[in-house]
Amino acid sequence: MKGYFLQLILITLFLVSSSLAAGERLIITQHSANKIELKPQIYITQTHANANIEQLVTSAVLWKKYEPKAMRGINDKAYWVKLSLSYEAGVSRQQILSIANPHLDHIELYHFSGQNLLKQLQVGDSFPFSQRPIISTHFLYSFNNNQQESHDFYLQVKTSGTFNIPITLWTSDAYYQDAERHSIFYGFQTGVLIAIGIFSLLIAVTSLSFSYSYYAGYVLSITLFVACLHGLAFRFLWPEWPRMQEFAMPALLSLSMLFAFLFSEKAMHLKYYNQTMLRLCRVCAAMSALLLFIGLLLNYSTALTINIYSVILTSIILMYMSLAQAFKGNKLAKLFAIGWASMMLGALISGAIYLGLLHWDFQAKSPFMIGLSIEVMFMAALLAIRYNDERLAKLNIQKEALTQAKKAQDAKEEALRIEARSSEKLSQMVQERTLELEIALRELNEANQKLTEQTRIDSLTGVKNRASFDKRIIAEGRISRRQQTPLSVLMLDIDRFKLINDSYGHLAGDQALRVIADKLKETLKRPTDLVSRFGGEEFAIILPNTDKIGAQQVAETVRKVISELPISWGENRIPLTVSIGVSSEIITSEEHTTLLLEQADKALYQAKNDGRNRVRLYSPNQD
């Protein structure tokens with residue numbers, strides 16, 4: 001109990017001493033505005049920046065008025081902040097205390113009403129976003145103002161960025177209306193940047209253009225940086241990762257500069273216009289990439305300070321290059337120069353305010369945001385003009401290509417027509433020559449056929465000659481051997497033919513040979529049977545697929561028909577008879593046909609020896 005009373009006494013003494021040191025309270029009446037800037041009522045002290053609330057009570061604290069100009073610059077800071085107000089209205093009012101700086105690392109708030117500690121809480125971007133009492137990118141504290149009630153707020157603020165504490169007192173309705181307007185503005189601004197970035201990225205993917213790729217990278221990285229400035233990235237992208245806040249802004253600034261140099265190189269065609277500037281762009285891009293990795297190893301305030309100076313230097317370098325190219329007549333460089341002039345001016349002013357070099361009474365990010373908006377619009381216009389120029393160039397190239405293609409097509413068609421006419425004439429000449437050749441070949445073929453026929457036909461009798469017989473008997477022998485069918489040969493000799501020549505003359509003998517040949521052809525009905533003149537007064541007959549009996553019958557028929565022939569020479573009748581030898585076997589080898597012929601010849605001599613005018617079948621006894 002004693003401890004409780006001692007704590008109460010210390011707090012009371014602290015409040016009294018603080019009140020005396022801090023000056024007059026803010027009096028709020030029923031007619032007070034819905035939005036009250038509390039900068040005149042803010043008092044700060046750094047003497048006990050690391051002390052707790054109890055330690056402040058036991059020591060004399062010198063509070064001094066908050067001067068934003070004296071608090072500029074980026075470094076690690078820790079202060080106690082105090083403000084007091086009294087409410088004298090007739091009705092209670094729900095009010096919100098707002099700190100519109102989303103980059104304060106640590107805020108510990110103590111809310112006293114009179115001698116009572118009403119609320120103690122901790123907020124800041126070093127805590128997860130979900131721990132905030134009211135979900136907002138600003139730090140908000142809501143409380144009720146009742147009649148004749150006083151309020152004292154003590155805030156321990158620690159940050160490694162700019163110590164800017166724009167504290168405002170709102171009625172709840174007024175704050176939410178203002179927050180809605182700001183949300184629409186921030187959403188529109190961020191949405192436009194995202195739309196431009198995604199549109200450029202899609203064009204880059206479809207056209208495979210490095211210019212659009214680098215511009216898309218620049219716009220998307222700067223969009224993410226803007227989202228970090230407004231506190232939107234912490235709220236929506238990594239609400240549970242407060243450590244990301246230490247690396248995001250320096251890294252995104254380095255990444256934006258990297259893409260800015262790469263895009264500038266392509267947009268101003270430095271490869272074709274200025275090799276020195278091209279090398280400068282590439283060196284600066286490499287330094288930006290190096291700064292990106294180095295910034296991850298440095299503390300937040302150092303990395304951010306280096307990046308702000310780098311942004312200012314980047315804006316100056318790109319402004320110089322764009323102006324130099326614009327004066328040389330580069331059309332796109334003029335738009336580039338206007339865009340980077342606004343960006344440079346905004347970056348210079350915002351950077352100077354952040355670094356404490358300027359003490360203007362407005363938000364440090366505002367000049368940068370205005371310059372960025374103008375720069376992005378001019379860069380988008382530049383890309384649109386370049387895209388249109390490239391499109392027109394492609395159309396002209398396509399038009400020229402179509403013209404050349406039409407000329408080539410006309411030339412090709414004319415060549416085809418000439419070729420067609422030449423081909424038609426050539427075809428006509430070929431047809432004429434072909435016709436002549438066909439006629440000549442036909443005549444030659446007929447002559448060849450006649451010549452061939454003459455070489456196969458006996459000129460006197462008109463039957464096949466000996467050569468035809470020799471070829472045919474070999475072929476029929478193969479058929480007999482393959483099909484195992486009998487092959488028969490008849491050897492026919494005119495009896496006493498020499499006597500006819502001697503008695504009637506050789507002409508009569510020739511006539512007798514012709515008559516017998518005609519009669520043999522007439523007697524043999526099968527197409528496969530062959531009659532040939534074997535030599536002198538001898539004839540040979542081949543009977544395929546004929547056995548011994550059939551061959552004897554054919555031979556007997558031939559003998560009888562010839563013996564009855566009425567052969568005359570002049571007024572004299574010439575009696576003619578023939579002797580026939582028959583041999584018939586199934587051929588078993590190539591040499592067997594020769595043997596078959598020899599056997600028929602032996603049978604013929606047997607018929608001669610037996611008295612002529614007869615048929616004899618070969619038998620082994622005749623050997």
Side-chain angles (χ1 to χ4, degrees), residues 10-11 14-26 28 35-59 61-68 70-72 75-87 95-127 129 131-134 136-145 149-170 175 231 242 245 363:
L10 290 174
I11 293 174
F14 170 71
L15 293 175
V16 171
S17 62
S18 299
S19 177
L20 292 174
E24 296 297 329
R25 291 176 175 272
L26 172 66
I28 300 177
K35 174 185 176 183
I36 301 175
E37 299 287 347
L38 297 179
K39 185 172 65 175
Q41 278 73 40
I42 296 176
Y43 292 85
I44 65 170
T45 181
Q46 197 176 13
T47 306
H48 299 283
N50 297 320
N52 55 35
I53 191 71
E54 290 83 3
Q55 291 172 334
L56 288 176
V57 173
T58 59
S59 61
V61 177
L62 179 61
W63 295 92
K64 61 180 180 180
K65 203 169 187 61
Y66 169 63
E67 293 293 339
M71 309 302 294
R72 296 291 184 182
N75 49 57
D76 292 332
K77 305 180 185 69
Y79 291 93
W80 278 95
V81 179
K82 179 180 182 295
L83 63 93
S84 302
L85 56 91
S86 295
Y87 187 70
Q95 293 200 282
I96 292 178
L97 197 66
S98 166
I99 302 177
N101 182 359
H103 302 290
L104 298 175
D105 297 337
H106 179 94
I107 302 173
E108 188 169 0
L109 182 143
Y110 296 89
H111 177 197
F112 290 92
S113 179
Q115 299 178 359
N116 298 322
L117 179 62
L118 299 182
K119 188 74 174 181
Q120 178 184 351
L121 59 87
Q122 290 181 335
V123 291
D125 64 0
S126 60
F127 300 97
F129 199 87
Q131 292 186 10
R132 299 190 180 188
I134 299 176
S136 172
T137 55
H138 296 166
F139 301 112
L140 305 179
Y141 175 68
S142 177
F143 65 96
N144 284 321
N145 247 340
E149 192 172 51
S150 62
H151 300 274
D152 296 286
F153 297 93
Y154 296 88
L155 296 89
Q156 187 183 25
V157 181
K158 300 177 182 179
T159 185
S160 56
T162 57
F163 193 83
N164 179 26
I165 46 175
I167 302 179
T168 307
L169 183 66
W170 300 80
Y175 174 77
Q245 293 292 91
Q363 287 188 339

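For the residue pair Thr137 and Gly231, the shortest heavy atom distance occurs at CG2-O, 3.5 Å. Nearest heavy atom pair, residue Thr168 against residue Lys35, reads CG2-CG, 3.7 Å.
To the nearest 0.5 Å, the span separating CG on Leu85 from CD1 on Ile28 amounts to 4.5 Å. The CZ atom of Phe139 sits 9.0 Å away from the NE2 atom of His103 when rounded to the nearest 0.5 Å. Between the CG atom in Leu121 and the CZ atom in Arg132 there is a gap of 11.5 Å [rounded to 0.5 Å]. One finds the OG atom of Ser84 at 5.5 Å from the OH atom of Tyr154 (value rounded to the nearest 0.5 Å). For the atom pair CD1 (Ile96) and CZ (Phe143), the distance works out to 9.5 Å, reported to the nearest 0.5 Å. Here Tyr87 contributes atom OH and Leu26 contributes atom CG; the two are 12.5 Å apart, rounded to the nearest 0.5 Å.
Aromatic ring orientation, Phe153 versus His111: parallel (interplanar angle below 30°, classes split at 30° and 60°).
Looking only at side-chain heavy atoms (C-beta outward), Gln156 and Ile107 stay at 4.5 Å or farther from each other. Residues Gln41 and Tyr66 form no side-chain contact, since every pair of their non-hydrogen atoms from C-beta on lies 4.5 Å or further apart. In this structure, Pro166 and Asn101 have side chains that are in contact, with non-hydrogen atoms separated by less than 4.5 Å. Here the side chains of Leu140 and Ser98 are in contact, with some heavy-atom distance below 4.5 Å. Under the 4.5 Å side-chain criterion, counting only non-hydrogen atoms from C-beta, Ile99 is not in contact with Val157. Inter-residue side-chain proximity for Lys65 and Tyr43 is flagged as met; some heavy-atom pair is nearer than 4.5 Å.
Formation of a donor-acceptor pair under 3.5 Å by the Asn116 side chain with backbone atoms of Leu118 is not found in this model. Looking at Ser113, its side chain never comes within 3.5 Å of a backbone N or O of His151 through a donor-acceptor pair.
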Next item on the list: Might you work through the side-chain contact (heavy atoms from CB on, under 4.5 Å) test for His106 and Thr159, ending with a clear yes or no?
Entry: CA-CA 6 Å; His106 179 94; Thr159 185; over 6 Å; no
Note to self: Please determine whether side-chain contact (heavy atoms from CB on, under 4.5 Å) holds for the pair Ile42 and Val81, giving the CA-CA distance in whole Å, both sets of side-chain angles, and the decisive distance to 0.1 Å.
What the structure shows: CA-CA 7 Å; Ile42 296 176; Val81 179; 3.4 Å; yes
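One side chain, Tyr175 or Ser136, offers a donor N or O that lies under 3.5 Å from an acceptor on the other. Under the 3.5 Å distance criterion, with hydrogens and angles disregarded, a donor-acceptor pair is assigned to the side chains of Tyr110 and Glu108.
Considering Leu104, Ile165, Leu109 in turn, Leu109 is the only one that fulfils the side chain to side chain contact (heavy atoms under 4.5 Å, CB included) rule with Leu155.
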